[in-house]
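Here's the structure we're looking at; comments come further down.
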Amino acid sequence: MRNPKAKIVSARTLTDQTTLHLVFLFFFLSQLASGLKSPYSPTINITLNCGFIGRTSSRDNRMWLGDINSNFGPFEHQSNPSVNSTADKQPIEVDLIPYYTARLSYSEFTYIFSVTPGQLFIRLYFLPFSYKNFDRYKAFFSVKAGSYTLLSNFSAALTADALGLEGFSREFCVNIAEHARFLNITFTPSPGNPDAYAFVNGIELVSMPPNLYYTPENSTADEILLRRVQFIGKATPYRVEKSHALETVYRINVGGRFISSTDDTGMYRSWSGDDVAYLTSSETGVEPVNMTVHLDFDAIPKYTAPEDVYTTARTMGTNETINKSYNLTWEFSVDAGFNYLVRLHFCEFQLEITKEKDRVFYIFIADRIAENQADVISWSGGNGIPIYRDYAVLMLSKENEKKLNLSVALQANPDRWNTRYADAILNGLEIFKISDSIDNLAGPNPDRPVPTPTIVAIPLPIQPRKLKINHTKIIGIVVGLFSGIVVLCVLGFFIFQRGRRVEDAKSSRTNLPSDLCRCFSLSEIKAATNNFDKLFIIGVGGFGDVYKGYIDGGETWVLDKGLMSSRPRLRCSPSSATSILSL
Ligand SMILES: *[C@@H]1O[C@H](CO)[C@@H](O)[C@H](O)[C@H]1NC(C)=O
Ligand SMILES: *[C@@H]1O[C@H](CO)[C@@H](O)[C@H](O)[C@H]1NC(C)=O
Ligand SMILES: *[C@@H]1O[C@H](CO)[C@@H](O)[C@H](O)[C@H]1NC(C)=O
Ligand SMILES: *[C@@H]1O[C@H](CO)[C@@H](O)[C@H](O)[C@H]1NC(C)=O
Ligand SMILES: *[C@@H]1O[C@H](CO)[C@@H](O)[C@H](O)[C@H]1NC(C)=O
Ligand SMILES: *[C@@H]1O[C@H](CO)[C@@H](O)[C@H](O)[C@H]1NC(C)=O
Ligand SMILES: *[C@@H]1O[C@H](CO)[C@@H](O)[C@H](O)[C@H]1NC(C)=O
Ligand SMILES: *[C@@H]1O[C@H](CO)[C@@H](O)[C@H](O)[C@H]1NC(C)=O
Ligand SMILES: *[C@@H]1O[C@H](CO)[C@@H](O)[C@H](O)[C@H]1NC(C)=O
Ligand SMILES: *[C@@H]1O[C@H](CO)[C@@H](O)[C@H](O)[C@H]1NC(C)=O
């Protein structure tokens with residue numbers, strides 16, 4: 001059946017058709033991407049958008065269910081019920097879903113999730129803005145999951161201030177016992193403080209494979225070496241028992257880029273990109289990368305970490321004088337008084353390292369020897385085979401400090417008889433805080449920072465990099481970024497024009513000084529990002545990589561190409577010593 005009228009195609013429908021084709025192309029590509037099966041498929045996979053009604057999808061295409069009228073709660077005393085509210089302004093650094101809306105209360109409220117026995121991640125999302133009648137600095141509350149205290153007298157505002165972030169999430173791991181069918185997550189305002197209220201923006205529950213981080217009860221012969229958790233400074237190994245709860249404090253793709261939760265192995269963990277901020281040694285080494293290596297997951301399950309973690313690394317460098325003169329050292333600030341689980345991920349992918357004794361080095365954790373014969377090939381069985389090692393360390397303060405630095409240091413083996421190359425390697429790192437004897441994981445709040453009257457751009461040092469990026473990738477990034485900028489400028493113009501017509505005196509962001517909004521030329525962006533050096537990637541938006549860039553001699557800008565957002569928007573605003581350009 002052909003409709004003759006269909007032949008008359010106006011210019012208008014032509015553009016509509018093009019748009020339609022593009023939409024189908026994106027749909028097809030996203031289906032293709034999600035069709036690549038993750039190594040792990042969670043049985044529990046709950047995303048709850050607190051203070052919201054109905055379903056909506058976040059920028060990464062995950063569907064979130066509003067808590068209003070949901071089966072999960074909140075359950076509370078009817079005398080002083082909680083309220084739902086949107087933040088007093090829209091966040092620009094984090095996604096609107098689930099951050100923009102919140103559930104807030106001056107009294108206790110509980111969500112009840114039906115669960116199955118096994119281990120799961122609990123992720124809590126906080127946007128500590130002010131909400132209608134709720135001052136951001138007055139929120140102090142505890143969060144309990146089952147018998148575990150995850151947070152206590154917690155101030156999300158002080159935490160965000162210390163991190164220099166608008167919003168953030170905290171990740172915990174708990175074990176659901178054999179007989180348990182429900183998990184209660186309870187938010188309680190700090191007692192003895194009449195102004196204190198509790199709030200939460202989002203809750204996520206995702207199950208994980210058995211014994212991913214917990215110590216197996218009965219190890220098979222193969223597992224005994226792999227799953228041994230060496231207790232630093234103690235004779236007997238540590239056991240991460242099912243009675244423990246964990247909090248993820250660091251998860252880093254060493255030498256590599258940020259890996260978003262949707263690019264994880266199915267557990268929605270996100271991996272920070274390598275950040276020289278944690279490196280405290282005089283030298284930072286080099287970052288070898290091998291995108292073509294075929295990884296064999298012979299020694300560990302494929303879901304352990306994304307492949308990207310194992311195809312990038314940090315090593316000591318090629319200069320003989322230099323790589324013998326220092327320890328490659330990272331320092332991580334942690335709460336005092338807890339045991340920590342430190343998981344180091346390794347994979348030898350360089351051509352030269354194929355046999356045992358090719359690269360043997362020392363590992364120090366918290367300034368104590370952890371390995372004096374670290375030999376990745378002997379642990380894993382060969383080049384291209386990922387492996388990890390676990391360590392536990394008790395961090396006790398000597399002079400009542402709230403925070404301590406947990407250091408991880410790699411030293412090249414000075415004894416050339418023992419090793420072919422005097423060098424060391426690390427591909428990834430995870431650090432977990434382990435609950436104490438009273439099932440507590442909570443630490444103190446950071447101190448309230450002294451308010452600074454003016455916004456100062458803090459230039460971060462630009463390190464010269466030796467990196468191999470393949471050309472198709474560069475072209476891809478250039479084309480992607482360039483088209484992003486064009487759309488950004490067009491959109492900016494459009495929104496600017498529209499913004500002139502729409503009068504909205506209430507919004508705090510409509511009267512931005514115009515010099516905070518800027519379009520950049522491609523050459524400016526290339527210069528600012530050291531020619532799209534992947535070290536400048538700080539995250540991934542819906543449309544590609546997010547770069548930080550140094551403009552006008554040191555001012556930091558964030559360049560986000562998140563065009564897939566359901567609400568494309570152009571905003572620029574100063575934020576915590578950083579100027580942000582977000583689309
Ligand atoms: C988990 O749930 C989200 C939201 O409902 C959904 O988008 C996603 O596909 C689910 N993932 C898996 C692996 O089932
Ligand atoms: C709470 O949610 C309901 C339902 O979506 C909405 O009508 C109401 O305006 C919200 N309250 C606030 C304070 O945002
Ligand atoms: C969960 O919370 C509900 C409501 O507060 C309570 O009735 C129930 O006993 C709790 N269950 C557990 C296992 O704590
Ligand atoms: C571990 O081994 C012991 C003794 O061999 C057995 O009684 C127990 O059921 C095993 N536990 C698991 C979880 O397999
Ligand atoms: C990457 O690994 C593959 C396979 O082991 C090897 O053939 C290739 O030469 C390696 N590339 C680099 C740059 O080391
Ligand atoms: C190694 O580093 C030292 C000290 O910086 C320098 O003097 C030497 O020239 C370097 N050697 C090479 C081969 O680059
Ligand atoms: C590396 O660190 C260890 C332990 O702190 C120390 O004994 C060693 O001297 C350091 N090596 C270098 C080259 O600084
Ligand atoms: C931790 O390390 C940082 C950076 O090296 C340093 O500024 C800080 O004082 C250290 N903190 C402690 C408690 O040692
Ligand atoms: C320094 O490291 C490089 C590899 O990164 C290695 O080729 C070289 O042999 C090392 N130096 C010494 C003295 O072995
Ligand atoms: C809660 O934290 C705030 C800020 O860190 C502190 O001033 C207050 O004393 C704490 N309250 C309790 C009960 O610990």
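As the structure lists them, so they are numbered: ligands from 1, and atoms in each ligand from 1. Being a predicted model, the structure only gives us computed values, none of them experimental.
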Check your understanding: Do K357 and D375 sit within salt-bridge range, that is, some charged N less than 4.0 Å from a carboxylate O?
Key -> no
Salt bridge or not between D335 and K402? Use side-chain N to carboxylate O under 4.0 Å. no
Are T47 and W64 linked by a side-chain donor-acceptor pair shorter than 3.5 Å?
-> no
Discussion item. Evaluate N290 for polar contact with ligand 5, using N/O atom pairs at a separation under 3.5 Å.
Written reply: yes
Under 4.0 Å from one or more heavy atoms of T292, ligand 5 contributes atoms 1 (C)
re atom 2 (O) of ligand 7, the protein heavy-atom contact at minimum distance is N327 ND2, 2.1 Å
Taking only non-hydrogen atoms of I68 and a 4.0 Å limit, the atoms of ligand 2 in range are 2 (O)
Classify the side-chain pair Q411/Y326 by whether it contains a donor and acceptor separated by less than 3.5 Å. no
#### Entry: Salt-bridge present (D161, R136; N to O < 4.0 Å)
yes
inquiry  = Below 4.0 angstrom, counting only protein heavy atoms, does anything approach atom 9 (O) of ligand 2?
reply    = no
Heteroatom distance test (N84, ligand 2): nitrogen or oxygen, under 3.5 angstrom: yes
Does atom 5 (O) of ligand 2 have a protein heavy-atom neighbour under 4.0 Å away?
-> yes
### Query
Taking atom types as modelled, is there a side-chain donor on T329 or N327 under 3.5 Å from an acceptor on the other?
no
